[in-house]
Amino acid sequence: MKIATWNVNSLKVRLPHLLQWLADNPVDVLCLQETKLTDDKFPVADINAAGYQVVFSGQKTYNGVAILSKLPITDVVANNPRYEDAQQRILAATIDGMRIICAYVPNGQAVDSDKYAYKLAWLASLREWLADEMAAHPQLAILGDYNIAPADRDVHDPAEWEGQIHCSERERAALLALNELGLVDSFRMFEQADKSYSWWDYRQLAFRRNRGLRIDHILLSGALAARCTACAIDRAPRKWEQPSDHVPVVATLN
DNA sequence: ATGGCCACAGGTTGTGGA
């Protein structure tokens, strides 16, 4: 069983990459972020033809999340019921006895901006809701773009990024608060290469220079962490023509 | 030099992303 997450930065533009990646990597579950599509424009037929069921919650221009699955999808919930939010950033569903949560955490733009306050409030509310969800669903995974690099080793230049958005203390504390619920960063359960990142800026040849951040994560409850045998970042699609700035992260469960 | 690149809506530029 493989579960994965990928911020595609526009599913309209990236649909060919999604279909190619699934052909190369037939994962069982894939969470998508930044689909940027209203639900009436979601490419259901193309995804079904690739062998996946799909649920989605989108809006015009911004945000938008989806869950693809080879197995049946039930009990779908869009948004955190504890947090009134016009932005479509959360989708939860039950697949093969697991609670799968797809999350697109707010960017935050700049420390101390209005968007930063929104990010922190959103994360605090997420934590409250996840406590409920974990109690109801011992086998839980929350996959997505967290827009937070957990530690300096997840940042290409920690001095340049110190205190900046994605790396600030309050953001990292909000992520740690999720760990304190019992959610484990599956990537760090295993030995990994140094300078492993999941996002690179489009500018300044950042990918070629490996100037990136690791901000896309798969967090697992204890019951799922006990089943996890691997977690890897797939850099391949970042080399394709007209790529997303993020790449997929894949966790393997037995 | 505080921008560089990309996607989007919509219009000859601004906003958001990270």
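Residue numbers begin at 1 in each chain, while the letters A, B, ... track the order of the sequences.
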Q) Measuring from Leu176(A):CG to Leu183(A):CG, what's the distance to the nearest 0.5 Å? A) 12.0 Å
Q) Between atom OH of Tyr202(A) and atom OG of Ser244(A), what is the distance when rounded to the nearest 0.5 Å? A) 5.0 Å
**Q.** First-last contacting nucleotides on DNA chain B - partner chain A, under 4.0 angstrom, heavy atom
**A.** dG4(B) to dA18(B)
Q: Would you check if there is a donor-acceptor pair between the side chains of Thr252(A) and Lys2(A) at a distance under 3.5 Å?
A: yes
Q) Is there a donor in the side chain of Tyr104(A) and an acceptor in the side chain of Glu34(A), or the other way round, less than 3.5 Å apart? A) yes
Contact class for [X] (heavy atom, under 4.0 Å): base, sugar-phosphate, or nothing?
X         : value
Arg211(A) : nothing
Asn107(A) : base
Gln164(A) : nothing
Asp216(A) : nothing
Tyr104(A) : sugar-phosphate

Same-atom distance ([atom1]) from [N] to [M], integer angstrom:
N       : M       : atom1 : value
dG17(B) : dG3(B)  : C1'   : 15 Å
dG11(B) : dT15(B) : P     : 14 Å
dG10(B) : dG16(B) : P     : 15 Å
dG4(B)  : dA18(B) : C1'   : 14 Å
dT12(B) : dA1(B)  : P     : 30 Å

Q | Backbone N/O of Gly108(A) and side chain of Ser113(A): donor-acceptor pair under 3.5 Å | A | yes
Q: Would you check if the side chain of Asn9(A) reaches a backbone N or O of Asp245(A) as a donor-acceptor pair within less than 3.5 Å?
A: no
Q.
If we check side-chain hydrogen bond (donor to acceptor under 3.5 Å, both in side chains) with Ser198(A), which of these qualifies: Thr5(A), Asp216(A), Asp145(A), Asn7(A)?
A. Asp216(A)
Q. Taking for each residue the nucleotide of DNA chain B with the nearest heavy atom, is it Arg203(A) or Asp145(A) whose nucleotide lies nearer the 5' end?
A. Arg203(A)
Q) Start at the 5' end of DNA chain B and walk down; is the nucleotide closest to Lys60(A) or to Glu34(A) reached first? A) Lys60(A)
